[in-house]
Student: 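Please read through the structure below; I'll follow up with questions.
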Protein chains: 2
Amino acid sequence: MNDKAHRFIENPLLSPSDLEPSWPGLEITCLLNPGVFTFQGKIWIIVRVAERPAQKEGFISFPILTPEGIEIIEIPSNDPDLNKEDPRIIKYKGADYLTTLSHLRLLCSEDGIRFYEPEGYDILSGSGDHQAFGIEDCRVTFLEGTYYLSFTAVSSNGVAVGMKTTHDWKTFTDEGIIIPPHNKDCAIFEEKIGGKFYALHRPSSVDLGGNYIWIAESPDGIHWGKHKCLVKTRADKWDSKRVGAGAAPVKTDKGWLEIYHGANAQHRYCLGAVLLDLDNPSVVLARTDEPIMVPSENYELSGFFGHVVFTNGHIVNGDEITIYYGAADEFVCGARFSIAEILASLTYDHVK
Amino acid sequence: MNDKAHRFIENPLLSPSDLEPSWPGLEITCLLNPGVFTFQGKIWIIVRVAERPAQKEGFISFPILTPEGIEIIEIPSNDPDLNKEDPRIIKYKGADYLTTLSHLRLLCSEDGIRFYEPEGYDILSGSGDHQAFGIEDCRVTFLEGTYYLSFTAVSSNGVAVGMKTTHDWKTFTDEGIIIPPHNKDCAIFEEKIGGKFYALHRPSSVDLGGNYIWIAESPDGIHWGKHKCLVKTRADKWDSKRVGAGAAPVKTDKGWLEIYHGANAQHRYCLGAVLLDLDNPSVVLARTDEPIMVPSENYELSGFFGHVVFTNGHIVNGDEITIYYGAADEFVCGARFSIAEILASLTYDHVK
């Protein structure tokens, strides 16, 4: 299924140079992982904008949020206490930092291809103790008239799931941290089932367990319980090291279809799908053996973090699902699939 | 404050040989970390009983729970894939297991010193996908007529917080996993504040963050949100590597007094205290600089895992708090403190 035909010929739709940095002295390093929704007759994305200062020879520098604003931390590259093996994380003197600081920005489009920043909509920046290293990878769920934003909140306290709600995308209610560390990739179902909210999320474990997709229930979308492990990694497959939900599952007559990402030990991120029971979504009915999308285009192979396709937003129109995705952790791209084609690629004799 | 005067002269109150194993072919390796409550005019403990088969020369063997009952896994000690550096965890071929399987057992006492197993009360064993490696370290909270049991649920899915509720200790309602991995040390307040349940819990992070105590809110005790990081480890102190709540906080006129455990890089577990604001327990008012209890007796220094004092249960009687604790991960012990004395040892100019 992974062929050029699915991808937009206009890819990448957005690159870091397409937007202005949010703060003097910062550059946009990555533009990635958009949440997607419709609002006022347009297609909107809430995109993650990762910024840092221009890097000077001999130093590594990165921004963090403080109550007074953005502070730049600068460390000599040859400092023996500095570990910068991972382009995304700095390890320094027993503390971890991110190399970039992310905020969320709203763009909209009439055709789903050309996106622009509308006037009158603020950027969403991290704030407070639990977002000092930024907010990332926002999923948007529209449910009973409210937009629920679930995103990764990063700070020295850990990596957790934060939530805001809105009706107009101009005023937001902050619901704090809805799932504690270490957790990300939280996607809320766009329908209640048996009167309850459902969400997929992805804890990570320090020992025992792994990077698995879990499901949880809630009476109000804000307080969560009845957590169950739902989808595990599979040894020797493309999703052997980590799996995580994409956007909200798509309701089909066969079940809830969830597009998810899986990574292997070499950090190659692909997309696959699982099918969940309509009435009891904690039951996995089927799963794709092979990915439905593998990094293969230049913009997916080379970038801030290469060999990555990662989705957390889509638009459904009949049988057509348009998946917006982050490519190589640097670009925003799009691809179109037939839902029937994805359903046909599922294997029902699955291994959890 | 850490002197012999606090400890019961009868310590250890309970040792593994004091109880019968739960299953033919198993031995009790550790008897530890009791939750404590009063019921029908007696003091009760719900103690963690850790079992494994008698170890045969040349092999390491441990039990796990399956739908069919207890299964024994046996691995040659010289298997090059076997990592048994930690006496508590087996690492084998990419999977983690526990060396022992824990269940919870009820004992009661008239005097708080001599405990016995009453007739007619079943042991609480793990069951289902999220407890295959057992249940551990139960806290008991009595709130508005209901006993809430919060315990560590361990399986290959991860280490998480499970909950049961009961009124009579004979029938239980299973509330599933209330906080997802990696999490333990969950203590629920014994009073609602502003109409809401509050709990302390302890996530652990794979990167960014650490082993910190968090606080959360709930409308019903089952679904949790508004998570906030509350108490962090302190570099170069006795609690530099991990902190975790003991039992429910004690209400005092100064604030909520929480006895917690802290461990350093050498895995020495001590007890300390923090004081939380009465009306807003997510505010830390004060903390002990030094531990109130340090492993120092033989039964605390030597055992299944030495240099450990760990509490998750106590009885309050006026100014007197009787702390029941696991010593060296092998014995149940007791110690008495004056609450006023603990309060006087707090430092108000605290570092989070």
Side-chain angles (χ1 to χ4, degrees), chain A residues 86 88-89 91 93-98 128-130 133 153-163 175-183 196-197 201-212 214-230 232 235 240 282 352, chain B residues 86 88-89 91 93-98 128-130 133 153-163 175-183 196-197 201-212 214-230 232 235 240 282 352:
Chain A
D86 187 322
R88 301 165 299 184
I89 295 179
K91 292 178 179 291
K93 294 191 174 174
D96 295 344
Y97 302 95
L98 299 187
D129 285 350
H130 297 89
F133 297 173
V154 190
S155 74
S156 63
N157 295 321
V159 175
V161 178
M163 179 183 273
E175 299 295 356
I177 298 294
I178 59 167
I179 307 184
H182 185 102
N183 206 295
K196 289 180 287 193
F197 288 77
H201 63 86
R202 209 286 298 283
S204 293
S205 292
V206 291
D207 54 27
L208 296 161
N211 303 296
Y212 307 148
W214 286 54
I215 190 166
E217 302 176 9
S218 172
D220 54 14
I222 296 162
H223 304 86
W224 293 88
K226 308 278 184 188
H227 300 269
K228 295 190 185 87
C229 186
L230 188 70
K232 290 184 153 182
S240 61
S282 64
K352 206 178 187 184
Chain B
D86 188 323
R88 301 165 299 184
I89 294 178
K91 291 178 180 289
K93 294 192 173 173
D96 296 344
Y97 302 94
L98 299 186
D129 284 350
H130 297 89
F133 298 173
V154 190
S155 73
S156 63
N157 295 322
V159 175
V161 178
M163 178 182 273
E175 300 295 357
I177 298 294
I178 59 167
I179 306 183
H182 185 103
N183 206 295
K196 287 180 288 192
F197 288 78
H201 63 86
R202 209 285 299 283
S204 294
S205 291
V206 291
D207 53 28
L208 296 159
N211 302 298
Y212 308 148
W214 285 55
I215 190 166
E217 302 176 9
S218 172
D220 54 14
I222 296 161
H223 303 86
W224 293 88
K226 308 278 184 189
H227 299 269
K228 294 190 185 87
C229 186
L230 188 71
K232 289 184 155 182
S240 61
S282 64
K352 203 180 191 187

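Labels below follow one simple rule: chain letters A, B, ... track the order of the sequence lines, proteins then strands, and each chain is numbered from 1.
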Student: Heavy atoms only: give me the nearest A:D220-B:P219 pair and the separation to one decimal.
Tutor: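 Reported closest heavy-atom pair: OD2-CG, 4.5 Å.
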
Student: Of all heavy-atom pairs between B:D207 and A:V159, which one has the smallest distance, and what is that distance?
Tutor: O-CG2, 4.3 Å

Student: Which residue, B:H223, B:E217, B:K226, forms the side chain to side chain contact (heavy atoms under 4.5 Å, CB included) with A:I222?
Tutor: B:K226

Student: Side chain, backbone, both or neither: which part of B:V161 has a non-hydrogen atom closer than 4.5 Å to chain A?
Tutor: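 Contact with chain A involves no heavy atom of B:V161 at all.
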
Student: Using a 4.5 angstrom heavy-atom cutoff, name the option from B:G225, B:A95, B:G162 with the most pairs to chain A.
Tutor: B:G225

Student: Please classify the contact of B:K228 with chain A as side chain, backbone, both or neither, using a heavy-atom distance under 4.5 Å.
Tutor: both

Student: Side chain from CB out, backbone as N, CA, C, O: work out which of these in B:W214 comes under 4.5 Å of a heavy atom of chain A, or both, or neither.
Tutor: side chain

Student: Can you name the closest pair of heavy atoms from B:K232 and A:N157 and give their distance?
Tutor: CE-OD1, 2.7 Å

Student: Taking all non-hydrogen atoms of both residues, which atom of A:P180 and which atom of B:N183 are closest, and how far apart?
Tutor: CG-ND2, 4.5 Å

Student: Can you tell me which portion of A:F133 sits under 4.5 Å from chain B's heavy atoms? Options are side chain, backbone, both or neither.
Tutor: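 The answer is the side chain of A:F133.
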
Student: Just give me the residue among B:G158, B:S218, B:G176 that pairs up with chain A most often, heavy atom to heavy atom, under 4.5 Å.
Tutor: B:G158

Student: Minimum heavy-atom separation for A:V206 and B:S205, please, with both atom names.
Tutor: CG1-O, 3.3 Å

Student: Taking B:I177, B:L98, B:D96 one by one, which has the highest count of heavy-atom pairs under 4.5 Å against chain A?
Tutor: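 Ranked by heavy-atom pairs under 4.5 Å with chain A, first place is B:I177.
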
Student: Name the option with the most non-hydrogen atom pairs under 4.5 Å to chain A; the candidates are B:E175, B:K91, B:M163.
Tutor: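 Result: the option with the highest number of such pairs is B:E175.
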
Student: Report which part of B:I179 has an atom under 4.5 Å of a heavy atom belonging to chain A: side chain, backbone, both, or neither.
Tutor: both

Student: Write down the atom of A:P203, the atom of B:P181, and the distance for their closest heavy-atom approach.
Tutor: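 Shortest heavy-atom contact: CB-O, 3.2 Å.
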
Student: Is it the case that the side chain of B:H182 and the backbone of A:H182 share a donor-acceptor pair, with hydrogens and angles ignored and the cut-off at 3.5 Å?
Tutor: no

